[in-house]
> 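A single structure is presented below for examination.
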Amino acid sequence: MKLVTAIIKPFKLDDVKDALKQIGIQGLTITEAQGFGRQGGHTEVYRGAEYSIDLVPKIRIELVVDDSTVDNVIETILNSAKTGKIGDGKIWSTPVDEMIRIRTSERGSDAL
Amino acid sequence: MKLVTAIIKPFKLDDVKDALKQIGIQGLTITEAQGFGRQGGHTEVYRGAEYSIDLVPKIRIELVVDDSTVDNVIETILNSAKTGKIGDGKIWSTPVDEMIRIRTSERGSDAL
Amino acid sequence: MKLVTAIIKPFKLDDVKDALKQIGIQGLTITEAQGFGRQGGHTEVYRGAEYSIDLVPKIRIELVVDDSTVDNVIETILNSAKTGKIGDGKIWSTPVDEMIRIRTSERGSDAL
Amino acid sequence: MLAVTYIPYPSWLVPGDNTWQLTAATLVGLMSLPGIAVLYAGLVQKKWVVNTMLMAFTGFSLVLLVWILWAFNMGFGTNPIGGGGGTGIMHFFRDMVSMPHPITGAAAEQQQTSSFSQTFVPFHFPTSTFAYFQVVFAAITPLLFLGSVIGRIKFKAWLIFVPLWCTFVYAIDAFLLWGGGYLASEGAVDYSGGYVIHLSAGVAGFVAAWVIGPRLAKDKAHAVPNNLPLVAIGAGILWLGWNGFNGGDPFYAGVDAAAAVLNTNLATAAALMTWLVIDMVGSKEKKPTFLGAINGMICGLVAITPSAGWVNGLGAILVGVIASTIVWFAWNYLPKIRPFSKVDDALGVVFTHGIAGLTGGLLVGILADPRMIEYGVKGKNYAGAKSSFVSGLLYGGGFHQLWEQFRAAVWVIVFTAVMTYIILKVVKFICRGLREPDEVLAIGDLAIHEEEAYPRETFAERISSVPTRQDDRV
Amino acid sequence: MLAVTYIPYPSWLVPGDNTWQLTAATLVGLMSLPGIAVLYAGLVQKKWVVNTMLMAFTGFSLVLLVWILWAFNMGFGTNPIGGGGGTGIMHFFRDMVSMPHPITGAAAEQQQTSSFSQTFVPFHFPTSTFAYFQVVFAAITPLLFLGSVIGRIKFKAWLIFVPLWCTFVYAIDAFLLWGGGYLASEGAVDYSGGYVIHLSAGVAGFVAAWVIGPRLAKDKAHAVPNNLPLVAIGAGILWLGWNGFNGGDPFYAGVDAAAAVLNTNLATAAALMTWLVIDMVGSKEKKPTFLGAINGMICGLVAITPSAGWVNGLGAILVGVIASTIVWFAWNYLPKIRPFSKVDDALGVVFTHGIAGLTGGLLVGILADPRMIEYGVKGKNYAGAKSSFVSGLLYGGGFHQLWEQFRAAVWVIVFTAVMTYIILKVVKFICRGLREPDEVLAIGDLAIHEEEAYPRETFAERISSVPTRQDDRV
Amino acid sequence: MLAVTYIPYPSWLVPGDNTWQLTAATLVGLMSLPGIAVLYAGLVQKKWVVNTMLMAFTGFSLVLLVWILWAFNMGFGTNPIGGGGGTGIMHFFRDMVSMPHPITGAAAEQQQTSSFSQTFVPFHFPTSTFAYFQVVFAAITPLLFLGSVIGRIKFKAWLIFVPLWCTFVYAIDAFLLWGGGYLASEGAVDYSGGYVIHLSAGVAGFVAAWVIGPRLAKDKAHAVPNNLPLVAIGAGILWLGWNGFNGGDPFYAGVDAAAAVLNTNLATAAALMTWLVIDMVGSKEKKPTFLGAINGMICGLVAITPSAGWVNGLGAILVGVIASTIVWFAWNYLPKIRPFSKVDDALGVVFTHGIAGLTGGLLVGILADPRMIEYGVKGKNYAGAKSSFVSGLLYGGGFHQLWEQFRAAVWVIVFTAVMTYIILKVVKFICRGLREPDEVLAIGDLAIHEEEAYPRETFAERISSVPTRQDDRV
Ligand SMILES: Nc1ncnc2c1ncn2[C@@H]1O[C@H](COP(=O)(O)OP(=O)(O)O)[C@@H](O)[C@H]1O
Ligand SMILES: Nc1ncnc2c1ncn2[C@@H]1O[C@H](COP(=O)(O)OP(=O)(O)O)[C@@H](O)[C@H]1O
Ligand SMILES: Nc1ncnc2c1ncn2[C@@H]1O[C@H](COP(=O)(O)OP(=O)(O)O)[C@@H](O)[C@H]1O
């Protein structure tokens with residue numbers, strides 16, 4: 001199994017979620033994140049003082065998938081999250097040793 | 001070493017934390033997350049307009065553990081986080097190449 | 001490729017980010033986290049009732065790097081995040097199977 | 001009291017009246033700042049909070065200046081531009097306003113107030129008091145319709161729109177209904193601004209939302225409010241501030257002021273509970289909602305405004321129940337049909353102010369009780385000839401008042417709509433567009449003001465302006 | 001002033017008094033909305049903010065309607081149900097209230113106010129003013145004890161409980177202590193509601209918390225407040241609003257009103273500092289806390305309420321210091337013993353209102369200074385015979401006043417406790433239970449109102465109601 | 001009005017005046033709590049919110065007690081310590097204050113107010129009213145300079161600093177400029193506290209920031225505000241509350257009070273728009289900012305304070321435009337040069353209060369219009385001999401007034417600076433330091449108060465105090 005992690009633009013979340021649902025993904029976990037990268041941050045001015053915020057808001061999606069589905073999942077995220085502008089984000093996958101559903105203690109693919 | 005990641009219901013955090021302490025776990029990191037899965041989300045109504053929130057609040061626990069402890073840790077989380085109702089969450093483990101304590105630069109099990 | 005995850009003290013973020021920039025890191029993702037560990041938490045008192053907060057605010061940094069850079073990155077974080085006091089945090093690295101830039105669909109090192 | 005040894009007042013001044021009028025004006029001012037500013041700030045998306053608040057603060061400031069420099073005398077001056085003569089349609093069009101001129105001089109500020117309409121009731125305070133009381137009304141009006149256009153109007157366009165609208169819409173309606181103009185002289189009444197303020201704001205907001213175009217589709221679809229306690233703060237200040245809004249309009253701290261205050265609260269309580277109960281039994285979710293209750297509250301406040309001191313307590317309760325019910329159904333069903341389905345009135349001002357104001361204005365013609373006396377009162381000082389009261393259909397007044405109320409409503413709706421449209425076209429020309437560009441809209445506050453409502457210190461690094469001292473202790 | 005050419009007042013009206021009374025009433029109204037609504041909203045857990053605020057807004061609205069439709073005349077009417085005759089125990093039980101009837105008619109709203117108790121002091125404003133001033137007091141009382149029952153009371157039960165409680169507890173206590181009933185005629189006094197409002201709210205809240213049962217154990221154990229600045233907003237409005245609360249109770253804008261305002265502020269400042277200092281030297285952490293200071297502030301405000309215009313400045317300071325000290329110790333030690341350890345009075349209303357109100361009420365019997373005159377005053381218009389003042393133990397009054405204060409306290413405690421219990425049993429029957437089910441309690445606002453206090457736009461997707469236009473620009 | 005049958009006032013009391021004064025005082029009180037408390041709470045970093053609010057609440061309380069126990073009589077007593085005699089420099093130094101003594105007795109609270117300066121204008125309300133009105137001014141002053149020292153001052157030092165400063169700086173300046181002291185008798189004027197309050201607060205804050213030392217370098221570099229809606233709430237209350245601040249200073253609800261209210265609003269609107277426009281054309285980002293607008297608003301409010309009832313409307317607008325412009329440039333350029341670059345005046349009080357107050361105070365000497373009459377007014381009761389007005393340079397007054405204003409400014413600046421320095425040295429000695437230790441500063445609220453502004457319930461577990469019942473339902 002693999003853990004696919006994707007960093008995307010926040011306003012793309014709905015699209016990505018819908019696209020993943022379409023291909024049968026039943027679960028995922030998201031966290032609010034801040035990204036630093038090529039995409040510039042911005043400036044904020046409070047009472048005349050400038051502050052540089054070089055982190056931009058991102059959504060971090062995590063989902064564990066069967067080896068067989070990984071490519072499809074990545075492809076789907078790629079398509080649905082892309083705007084073509086700098087800052088679209090990254091996807092990476094890492095190996096998973098074990099996956100368990102807490103409710104039932106099912107393991108492996110059954111736990112997805 | 002392994003990185004054990006658990007997605008649990010927020011109100012179970014205290015129980016899980018206590019259970020892990022009991023078996024000698026000395027450290028872990030949590031982030032606030034939102035889960036999408038079988039557990040339904042909810043509706044919010046503002047000024048007559050309905051909004052569907054299909055993400056539910058979750059707590060994401062991460063802890064790096066020795067290979068020898070992994071099973072015990074997973075078992076402990078399973079027991080303490082379970083309510084038996086949909087949405088109890090997942091546990092997965094992934095391989096860790098290296099673990100370092102920043103304060104002392106200790107590596108491996110010493111860093112836990 | 002490796003995914004390096006670092007848990008650091010929030011006020012060290014600027015230093016770590018600057019140090020990583022110096023050695024040529026072009027991107028990373030951070031999330032706000034809460035750590036439980038040797039570093040004690042604190043007490044809050046509201047209207048005479050004491051609450052124990054045993055979690056301390058941390059910043060969680062994630063960055064995917066080439067195998068060749070891992071050591072340098074870890075070293076850099078170690079140096080820039082260290083205060084020598086309990087609670088400085090951890091660094092761990094895990095293997096990455098695949099890394100993709102969403103904008104261009106580039107893979108591997110090109111995606112960094 | 002006669003033994004008071006030193007009297008620093010001119011003979012026409014009554015300190016109790018002056019105090020009430022200044023207090024009432026201050027309460028009305030608080031309804032705008034912070035009232036409406038934070039009520040709306042709580043209702044908009046997080047990314048629009050700063051923009052909304054700054055438009056409220058600047059709108060208030062601009063009206064203050066415009067009013068004192070020229071518009072007060074347009075609405076409440078003594079000198080109709082047409083000379084005050086003529087009858088019928090001539091009267092109407094020749095005398096739509098009084099001559100504009102400032103009231104910034106020492107004499108103007110300090111003399112007893114008088115307006116074209118005050119032939120029989122002299123007010124016992126100076127022009128400063130009267131002008132200030134009137135300006136807080138003039139100032140809240142654009143702040144109300146701000147709710148229709150938030151989330152896309154160009155900030156500079158707002159700065160130009162407000163002064164023009166105050167001059168060419170508000171001042172004229174004020175003269176016609178309050179300043180002694182045609183509608184007033186025909187018998188139409190508007191106790192504290194159900195038409196001049198609320199109906200007009202509802203119409204102006206709706207037209208402006210239509211002319212400026214909708215928010216980004218994404219914003220519209222994700223339009224959740226950001227902070228309900230902020231709404232509660234604004235709402236509470238609105239409710240109690242309305243004691244000044246309606247209580248100040250007899251311009252005497254007398255019996256009718258007290259009745260207006262009580263009636264305002266009765267109508268509001270009834271309207272709030274009405275909306276809540278309909279939500280509980282009639283909405284899809286059958287649940288009581290806080291923002292629903294606040295909508296009902298606003299309906300009650302608005303609907304009682306045109307009649308506060310002319311209905312009795314029972315009438316006030318009826319006004320609240322009826323207006324809240326009508327607006328509830330309008331709110332839930334009208335957005336499905338044209339033109340409402342086509343116009344993005346962001347916070348629904350056309351409903352809670354427009355329709356509620358219209359309902360309240362017409363109800364004057366039905367529920368006004370002639371025994372509710374604005375100026376003359378029974379007792380030793382009873383001034384029968386100068387009494388001011390209104391008779392509705394249910395109290396023997398026949399259809400006369402209802403007809404006058406209807407005519408005035410038609411005027412306010414048509415005039416406000418047309419003028420708002422024209423003014424916006426002018427503003428569009430001056431500002432090269434009425435909307436911020438879409439990429440700015442996608443970001444909101446940060447793009448327009450480089451500020452956000454709830455900044456996060458963790459990620460900010462000061463880069464300029466005041467240099468950081470080298471020798472700071474760490 | 002004599003030269004004023006047009007007098008629109010009836011001969012009994014004094015504009016300065018009417019203004020003060022309306023202003024004071026508005027200040028008291030602001031204490032409820034937004035005052036208490038946001039003070040409590042800040043103190044509860046995040047998941048209860050909306051529910052708390054909506055109970056405050058609806059409670060206020062319901063009392064307004066109940067009051068004007070029947071309860072005002074029960075407390076302040078001219079016609080005791082027993083006819084006003086009888087002595088002793090007969091007097092007491094025959095005349096617990098006046099005849100209920102509405103004051104919604106034109107005559108009722110506009111005539112000079114009078115109540116059964118006003119045999120010698122006619123007030124110089126109309127019934128509208130008096131009824132409105134009294135209703136904001138009646139309305140804040142349930143809002144205060146709301147703090148005891150938040151986090152589990154069924155929303156519908158609240159909507160029924162409040163009108164019944166206002167009718168069968170508040171109106172009766174108001175008549176007995178203020179409206180000319182038995183306790184008043186015996187000599188018990190309550191300047192602005194230390195008993196009628198605060199002691200009663202504390203007792204009612206405590207009994208209600210007991211009858212309804214505690215919050216979820218989890219909620220109780222995690223009961224951290226969610227927003228301290230919100231508490232600051234509410235607290236600031238409470239403090240300054242109290243100028244109207246106590247300053248309005250002579251019903252004249254005279255000398256005693258001013259003294260009451262000053263004394264209120266003195267007691268409050270002293271009480272705030274007292275709690276702070278005890279926290280700094282006596283609490284486990286030995287730290288000054290903001291919410292502790294606010295608790296102290298409320299103790300001062302509440303404790304000075306029964307005596308504000310009857311103690312001198314030194315007395316006021318003593319009231320603040322004593323009440324704050326007593327409540328500090330009660331707050332920290334009583335929860336360990338029964339019945340306090342058994343009852344989940346969520347925000348501690350029984351302490352900051354109940355015990356503080358009781359302390360203040362008894363201190364009248366000790367600290368009241370007969371030279372503090374409520375109505376008659378020295379000088380040209382000195383009205384010796386009609387003077388109203390109170391003598392405490394320290395100022396030569398002996399134990400008489402203390403005894404009366406004690407008797408009245410016993411009555412208020414016992415009567416409120418018993419009636420609250422009975423009313424809740426009735427409400428329980430009507431609503432089939434007084435608590436929301438536990439699975440609803442686990443969720444809070446979202447389950448009951450489908451709203452949350454601080455919604456996050458990122459995760460919301462509109463699904464229904466107003467259709468999104470197809471042609472929206474993106 | 002003559003038919004009023006029962007007069008409960010002493011012959012010197014006018015209810016309209018008393019009402020206005022108490023209302024105005026309440027508005028000014030609201031400017032502090034919750035006004036300044038939440039304005040500043042919104043502007044500071046999240047970790048300093050609780051500390052800031054608690055210093056505001058305690059500062060207000062301490063001044064209240066100090067004032068009534070001794071300081072009121074120092075500033076506004078009838079009995080200069082030097083006996084009131086002497087001329088020139090003797091007069092000045094012998095009579096810097098009146099004899100301190102409390103006003104807590106029944107007689108003191110209830111008698112007609114009088115001060116050393118009131119030889120010709122008797123006020124028509126009791127000492128309680130006057131003292132309360134004055135104390136809310138005295139209390140807001142330390143709250144203003146709190147903005148300079150937040151983020152490092154030791155909490156205990158604050159509790160000692162405030163009473164000393166109120167006694168040894170504020171009371172003296174108040175006597176000299178308002179209480180009939182030397183500066184007043186020479187002709188310097190300060191309508192509502194441009195010098196006594198704002199200039200003095202700016203100077204005291206600056207000196208204190210310097211003596212106490214800067215915030216942590218990290219805090220200074222990351223000094224983003226945490227909550228802009230909170231700033232809006234505070235700002236709105238400040239603006240409208242200022243109607244009482246300036247409107248209350250004639251001490252009569254007369255013509256000049258009304259003019260002062262109107263002028264205050266004009267200056268403020270002009271100043272807000274001025275800052276906004278300069279931001280839009282002159283700042284690096286060329287963007288309108290909300291906090292800039294609020295800075296401008298404060299400049300207007302402060303600058304019109306010394307002249308509110310002595311300039312006409314045009315003068316008021318000029319005051320707003322000039323002060324806002326000057327402070328804008330000072331704000332943006334002075335921090336680059338010494339001593340400003342060396343002193344960490346956290347919220348910039350020296351600019352928005354110090355420089356704005358100074359500008360406004362000097363402008364009195366230029367713009368005061370002698371036709372603006374504070375007490376005597378034209379008409380039947382014209383009291384020529386007792387009229388109070390001021391003539392500026394532009395209105396034929398020559399340089400006299402400007403010179404007096406200048407001298408008074410020099411005094412206030414020098415005296416405040418020196419005394420603040422001395423007091424702080426004393427406090428430092430008493431408290432063993434003026435700063436919290438650096439490790440405490442790194443944490444903020446949690447370290448000092450064990451509270452945080454926006455606690456997160458998820459992570460809290462109750463560990464002590466009230467025991468959790470075993471039998472709680474789950
Ligand atoms: N090496 C990395 N490891 C982890 N996250 C990264 C890395 N590089 C970039 N990111 C994440 O991806 C986001 C987008 O990267 P950025 O360089 O701005 O644009 P793009 O990916 O389009 O070139 C960043 O904001 C950050 O959250
Ligand atoms: N494939 C997955 N990868 C990562 N997280 C998942 C995955 N599936 C579910 N989750 C997380 O687990 C939570 C619970 O899943 P859900 O399907 O609702 O219930 P259950 O696990 O009891 O069947 C989700 O809210 C989500 O946070
Ligand atoms: N086994 C672990 N797995 C994941 N995170 C950990 C682990 N142990 C500690 N941490 C994280 O590291 C932080 C610092 O750990 P702590 O034990 O307090 O200090 P130190 O690392 O200096 O010994 C914790 O707050 C937690 O976020």
> Got a second to check how far A:Thr43's OG1 is from F:Lys287's NZ, nearest 0.5 Å?
8.5 Å
> Let's test your reading of the structure: which of F:Gly348, F:Ala223, F:Gly292, F:Ser283 forms the most heavy-atom pairs below 4.5 Å with chain A?
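Ranked by heavy-atom pairs under 4.5 Å with chain A, first place is F:Ala223.
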> Can you name the residues that form a ring pair (Phe, Tyr, Trp, His ring centres under 6.0 Å) with F:Phe145, not counting sequence neighbours?
F:Phe161, F:Trp165
> Heavy-atom count check: over 12 atoms from other residues, nucleotides or ligands less than 6.0 Å from F:Lys46 NZ?
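Atom NZ in F:Lys46 is not packed in, count stays at 12 or less.
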> More than 12 heavy atoms of other residues, nucleotides or ligands under 6.0 Å from CH2 of F:Trp158: yes or no?
yes
> Whether the side chain of F:Trp331 engages the backbone of A:Arg47 through a donor-acceptor N/O pair (distance < 3.5 Å, no angle test) should be reported.
yes
> Could you tell me which portion of F:Leu347 (side chain, backbone, both or neither) has an atom closer than 4.5 angstrom to a non-hydrogen atom of chain A?
both
> Where is the tightest heavy-atom contact between A:Tyr51 and F:Ala221, given as atom of each residue plus distance?
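That closest heavy-atom pairing would be CE2-O, 3.5 Å.
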> Pick from F:Ile294, F:Asp279, F:Leu43: which one has the most heavy-atom pairs with chain A under 4.5 Å?
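Ranked by contacts with chain A, first place is F:Leu43.
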> Can you confirm whether more than 12 heavy atoms, excluding those of F:Lys286, are under 6.0 Å from its NZ atom?
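Correct, the count exceeds 12.
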